[in-house]
J.: 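Attaching a single structure in structure tokens format; questions to follow.
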Amino acid sequence: MDERQLRILRELGELGSVTAVAEALLVTPSAISQQLRLLQRSIPVPLTERQGRRLVLTDAGQTLAHSAIEVESALERARRSVGEFLDRPDGEVSVAAFHSAAAAFFPLLLRALAGPGTPVPRLSDEDVAQEDFPRLTREYDLVLAHRLDHAPPWPDTVTATTLLREPMDVAMPAGHPLAAKRRVTPRDVADEPWITVHDGFPVLATVEAIAAAAGRRLRLAHRINEFSVAAEAVAAGGGLALMPRWTTRPHPALVLRPLGGVRARRHIDVLHRPERTARTAVRTVLGELHEAARTIQAG
């Protein structure tokens with residue numbers, strides 16, 4: 001049995017005929033009869049009987065129709081509860097981000113949502129390979145993910161909007177000979193040792209593109225995912241590294257130089273399952289993430 005069948009039974013008890021129920025529910029009499037037959041199959045005793053030209057409820061039918069009132073009342077309370085949950089402006093919203101995005105976005109988000117009546121953010125850092133970001137949308141309302149310009153789009157199981165298209169610059173010690181250049185090329189940097197990320201993370205593809213443009217393999221001296229740690233390694237003379245232009249904190253011992261001849265840019269996207277934005281609180285946090293992105297880009 002289902003809610004629709006119980007409602008038909010309840011209406012039949014009040015109206016007394018299939019035709020009257022069909023008119024009340026704006027369907028055909030045959031549709032009403034079919035639903036009553038389906039309901040009867042799930043009940044071991046008769047629910048209706050004929051009294052002259054009228055179709056009336058048996059004692060079992062009346063008992064079930066009375067229960068239908070309780071079911072409809074409970075469902076209506078449930079709908080109201082869901083509606084209140086969806087419309088609530090100050091509900092909890094879970095947000096995950098990879099490390100450099102978390103460092104840039106989380107403080108701005110916390111400040112923007114510090115007032116009364118605003119959503120309550122629940123923040124987590126998640127350092128995963130690019131292909132694993134969509135899976136995080138099962139656990140979090142919003143997921144900040146990164147991919148390169150030429151990478152495949154995110155799967156259509158998630159909704160994705162771009163917050164930033166961020167250039168990736170070459171980081172080097174301030175005293176490095178290449179620091180005198182305003183822009184460096186793949187040939188300029190091909191003979192230097194490199195600090196890059198582990199396999200499966202987007203930045204590595206850009207390092208490989210530099211090698212292809214220079215026509216030789218790069219020497220990958222160190223594998224460090226966290227940009228702040230990589231920055232310290234660059235400052236200590238460990239090699240060059242690609243660094244995001246806007247979402248990493250400036251390091252006093254480093255300079256960043258744009259890279260010519262290679263598309264060195266990453267997307268910072270926010271991923272979510274489509275149904276998550278039915279909640280007012282999630283939509284509010286999503287709007288604040290876009291506002292934070294504008295602040296970050298403006299520098």
Side-chain angles (χ1 to χ4, degrees), residues 1-96 119-120 122 124 126 131-143 153-161 270-286:
M1 70 182 72
D2 60 29
E3 175 194 3
R4 183 183 178 191
Q5 293 167 353
L6 291 175
R7 185 181 180 195
I8 288 171
L9 190 71
R10 176 186 176 187
E11 297 291 346
L12 180 62
E14 295 181 5
L15 298 175
S17 76
V18 168
T19 300
V21 174
E23 291 175 354
L25 299 182
L26 303 176
V27 296
T28 64
S30 62
I32 296 298
S33 297
Q34 181 184 24
Q35 291 301 316
L36 287 172
R37 285 194 297 272
L38 291 172
L39 177 61
Q40 182 62 75
R41 288 176 191 171
S42 65
I43 305 296
V45 295
L47 297 174
T48 62
E49 61 185 6
R50 288 283 177 184
Q51 287 187 359
R53 300 182 65 180
R54 287 173 54 83
L55 184 66
V56 299
L57 302 185
T58 63
D59 289 346
Q62 289 174 3
T63 299
L64 188 57
H66 182 75
S67 297
I69 298 173
E70 298 176 7
V71 169
E72 285 202 52
S73 298
L75 288 171
E76 183 56 34
R77 288 194 299 271
R79 292 188 189 100
R80 283 200 303 270
S81 297
V82 170
E84 291 168 1
F85 170 72
L86 294 177
D87 294 338
R88 185 177 172 185
D90 58 349
E92 290 189 359
V93 178
S94 56
V95 183
V120 179
R122 294 288 181 251
S124 298
E126 290 281 0
E131 64 185 17
D132 293 328
F133 279 112
R135 298 174 196 165
L136 294 177
T137 61
R138 291 198 299 266
E139 302 173 46
Y140 300 98
D141 293 312
L142 300 169
V143 175
W154 301 109
D156 57 12
T157 53
V158 300
T159 298
T161 55
V270 57
L271 313 182
H272 61 83
R273 294 197 168 191
E275 65 272 15
R276 300 282 186 154
T277 49
R279 293 178 55 206
T280 296
V282 173
R283 293 196 303 274
T284 298
V285 173
L286 185 57

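For this chain, numbers begin at 1 and follow the sequence in order. Just so we're clear, the structure is a prediction, and the values are computed from it rather than from any experiment.
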J.: When rounded to the nearest 0.5 angstrom, what is the spacing between CG in Leu55 and CG in Leu15?
T.: 11.5 Å
J.: Under the side chain to side chain contact (heavy atoms under 4.5 Å, CB included) criterion, do Val270 and Val143 qualify, and how do the steps go?
T.: CA-CA 5 Å; Val270 57; Val143 175; over 6 Å; no
J.: Using a 4.5 Å cut-off on heavy atoms from C-beta on, say whether the side chain of Arg10 contacts that of Ile8.
T.: no
J.: Is the shortest heavy-atom distance from the side chain of Val95 to the side chain of Val285 under 4.5 Å?
T.: yes
J.: With a 3.5 Å distance limit and no angle check, can you tell me whether Arg276 reaches the backbone of Thr137 through a side-chain donor-acceptor pair?
T.: yes
J.: Looking only at heavy atoms, what is the nearest atom pair of Thr157 and Pro274, with distance?
T.: O-CD, 3.9 Å
J.: First locate atom CG of Leu6, then atom CD of Glu11, and finally report the distance between them rounded to the nearest 0.5 Å.
T.: 12.0 Å
J.: Write down the atom of Ala278, the atom of Arg283, and the distance for their closest heavy-atom approach.
T.: O-NH1, 3.1 Å
J.: Go through Thr277 and His272 one step at a time and tell me if the side chain to side chain contact (heavy atoms under 4.5 Å, CB included) criterion holds.
T.: CA-CA 8 Å; Thr277 49; His272 61 83; 3.4 Å; yes
J.: Ring pair (Phe, Tyr, Trp, His ring centres under 6.0 Å) with Tyr140: which residues, sequence neighbours excluded?
T.: none
J.: Without placing hydrogens or testing angles, list every side-chain donor-acceptor pair under 3.5 Å for residues 27-39, not counting sequence neighbours.
T.:
{"residue": "Thr28", "atom": "OG1", "partner": "Ser30", "partner atom": "OG", "Å": "3.1"}
{"residue": "Thr28", "atom": "OG1", "partner": "Ala31", "partner atom": "N", "Å": "3.2"}
{"residue": "Ser33", "atom": "OG", "partner": "Pro29", "partner atom": "O", "Å": "3.2"}
{"residue": "Gln35", "atom": "OE1", "partner": "Gln5", "partner atom": "NE2", "Å": "3.3"}

J.: To the closest 0.5 Å, what do you measure between CH2 (Trp154) and CG (Leu271)?
T.: 5.5 Å
J.: Just jot down the side-chain contact (heavy atoms from CB on, under 4.5 Å) partners of Glu23, sequence neighbours excluded, or say none.
T.: Thr19
J.: If you take all heavy atoms of Ala281 and Pro119, which pair is closest and at what distance?
T.: O-CG, 3.6 Å
J.: Of the non-hydrogen atoms in Ala60 and Pro46, which two are nearest, and what is the gap between them?
T.: CB-O, 3.8 Å
J.: Which pair of heavy atoms, one from Leu286 and one from Thr161, lies closest together, and at what distance?
T.: CD1-OG1, 4.4 Å
J.: Could you tell me whether Arg279 and Asp141 make a salt bridge, using a distance below 4.0 angstrom between a side-chain N and a carboxylate O?
T.: yes
J.: With no hydrogens and no angle check, is any side-chain donor or acceptor of Gln62 less than 3.5 Å from a backbone partner on Ala65?
T.: no
J.: Determine whether Arg88 and Thr280 satisfy the following criterion, side chain to side chain contact (heavy atoms under 4.5 Å, CB included), listing intermediate values before the conclusion.
T.: CA-CA 6 Å; Arg88 185 177 172 185; Thr280 296; over 6 Å; no
J.: Can you list the steps and then say if Leu64 with Leu47 is a side chain to side chain contact (heavy atoms under 4.5 Å, CB included)?
T.: CA-CA 8 Å; Leu64 188 57; Leu47 297 174; 4.1 Å; yes
